[in-house]
Amino acid sequence: MKTLGTETAFEVLAKAKALEKQGKDIVHLEIGEPDFDTPRNIKDAAIKALNSGYTHYTPSAGMPELRQAVATYISNTRKLDVKPEEVVVTPGGKPIMFFSILALVNAGDEVLYPNPGFPIYESMINFVGAKPVPIQLKEENDFGLDTEYLKKMITKKTKMIILNSPENPTGGVVTREQLKAVADSIAGRNDIFVLSDEIYSRIIYEGKHESITQFPGMKDKTIILDGFSKTYAMTGWRLGYGVMRKDLAEKVAQLMTNSNSCTCASTQLAGVEALTGPQSEPERMDEEFRRRREVIVPGLNNIEGITCKKPHGAFYVFPNITGTGMDSRTLQDHLLNNAGVAALAGTSFGKYGEGYLRLSFANSVENIKKALERIAKAVKKK
Ligand code: PLP
């Protein structure tokens with residue numbers, strides 16, 4: 001268990017809640033979830049399902065209706081031919097990380113992953129006894145992927161490459177050219193898998209989402225991770241999925257049988273409604289994120305000691321805070337304890353996050369403005 005990491009967002013949230021209990025006012029910019037309510041039609045579908053008797057186990061890999069809806073959705077959005085047997089439904093997208101690494105990566109293997117990046121990648125790589133090989137995402141490259149470096153880091157022991165676009169925590173987007181370079185660099189290697197975390201694929205501000213699966217031979221090597229948490233404001237429902245070749249899907253379903261048995265039945269039917277019902281609500285949420293981005297980025301750039309790039313996707317900013325004279329963790333603690341702003345140190349996302357903070361702008365414009373004022377004051381005082 002010593003090798004298992006964690007996600008500090010949940011720890012900072014707990015600390016912030018404890019301060020609120022003592023009467024402190026905290027603006028929450030730490031947790032990665034939309035502040036919107038789940039759209040009404042999706043909630044109604046779950047209520048209908050419960051009242052119609054969908055209160056029992058389902059197949060481990062997911063209900064046929066949802067596997068079909070996901071297969072159609074991924075086929076349409078990624079321009080692929082995906083069959084329902086290639087879909088495994090899980091309680092959130094996160095279990096797909098857990099299961100695919102458990103299923104494919106052995107002790108001693110090497111896994112390339114983005115750093116700064118979602119902390120569970122490194123945690124899980126370490127947990128199975130494999131070697132984490134960080135690919136640094138640099139501000140000067142707009143937090144894109146350094147494919148030359150990535151190519152150099154591929155060895156005989158490489159078993160998996162993890163991609164995440166749009167990226168948490170930087171808001172970086174991996175370009176089509178960069179994805180092609182990754183695909184080309186493993187063209188002759190059928191022993192390397194790609195875990196493509198596309199959970200933010202619908203929250204993108206410029207251009208359109210690109211998946212590595214579009215390149216020849218990549219569909220069979222890739223596990224697409226996606227879900228409902230971010231797109232449909234459904235974090236608490238726990239609903240996500242992986243798309244992968246059939247033989248792997250069967251093994252991942254077996255891991256589901258051994259752990260969760262299945263995903264909640266009424267939640268799955270809510271997922272069918274989310275994918276097949278009207279899309280106006282997620283579109284409205286995206287517009288709102290875009291509006292907030294226009295507030296938070298200039299606001300941060302106006303604070304002395306802080307510079308901030310415009311994120312291309314997701315709902316995070318990753319400002320450079322080196323000009324404040326504080327390291328990431330010191331600033332995180334200072335903001336929480338003395339300024340009433342909950343944010344995350346860049347180092348919560350790996351060693352290359354030093355010098356940065358992650359702020360989520362899944363909060364109202366009013367609260368974002370309040371947080372900006374507080375940060376400006378706190379940084380000046382220090
Ligand atoms: N992948 C990334 C990059 C994330 O940021 C998150 C959640 O924060 C997830 C996956 C998992 O989301 P969920 O398990 O709620 O579907």
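All values reported here derive from a predicted model rather than from experimental measurement. Remember, it's 1-based here, ligands and their atoms both numbered in the order they're listed.
Under the 3.5 Å distance criterion, the side-chain polar atoms of Thr222 are matched with a main-chain donor or acceptor of Met218.
Aromatic pair Phe318/Phe143: centroids less than 6.0 angstrom apart. Aromatic rings of Phe315 and Tyr200 (six-membered ring for Trp) have centroids within the 6.0 Å cut-off, being under it.
Here Glu373 does not pair with Lys370 in a salt bridge; the nearest charged N to carboxylate O distance is not below 4.0 Å.
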Where does ligand 1 get N/O contacts under 3.5 Å from the protein, atom by atom?
{"residue": "ligand 1", "atom": "1 (N)", "partner": "Asp197", "partner atom": "OD1", "Å": "3.4"}
{"residue": "ligand 1", "atom": "1 (N)", "partner": "Asp197", "partner atom": "OD2", "Å": "2.6"}
{"residue": "ligand 1", "atom": "5 (O)", "partner": "Asn168", "partner atom": "ND2", "Å": "2.8"}
{"residue": "ligand 1", "atom": "5 (O)", "partner": "Tyr200", "partner atom": "OH", "Å": "2.8"}
{"residue": "ligand 1", "atom": "8 (O)", "partner": "Lys230", "partner atom": "NZ", "Å": "2.7"}
{"residue": "ligand 1", "atom": "14 (O)", "partner": "Gly93", "partner atom": "N", "Å": "3.1"}
{"residue": "ligand 1", "atom": "14 (O)", "partner": "Lys94", "partner atom": "N", "Å": "3.0"}
{"residue": "ligand 1", "atom": "14 (O)", "partner": "Arg238", "partner atom": "NH2", "Å": "2.8"}
{"residue": "ligand 1", "atom": "15 (O)", "partner": "Ser229", "partner atom": "OG", "Å": "2.7"}
{"residue": "ligand 1", "atom": "15 (O)", "partner": "Arg238", "partner atom": "NH1", "Å": "2.9"}
{"residue": "ligand 1", "atom": "16 (O)", "partner": "Gly93", "partner atom": "N", "Å": "2.7"}
{"residue": "ligand 1", "atom": "16 (O)", "partner": "Ser229", "partner atom": "OG", "Å": "3.3"}

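Counting heavy atoms from C-beta on, the side chains of Phe118 and Pro169 never come closer than 4.5 Å.
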Show the numbers, then the answer: is there a side chain to side chain contact (heavy atoms under 4.5 Å, CB included) between Phe289 and Phe36?
CA-CA 11 Å; Phe289 287 137; Phe36 307 111; 3.6 Å; yes
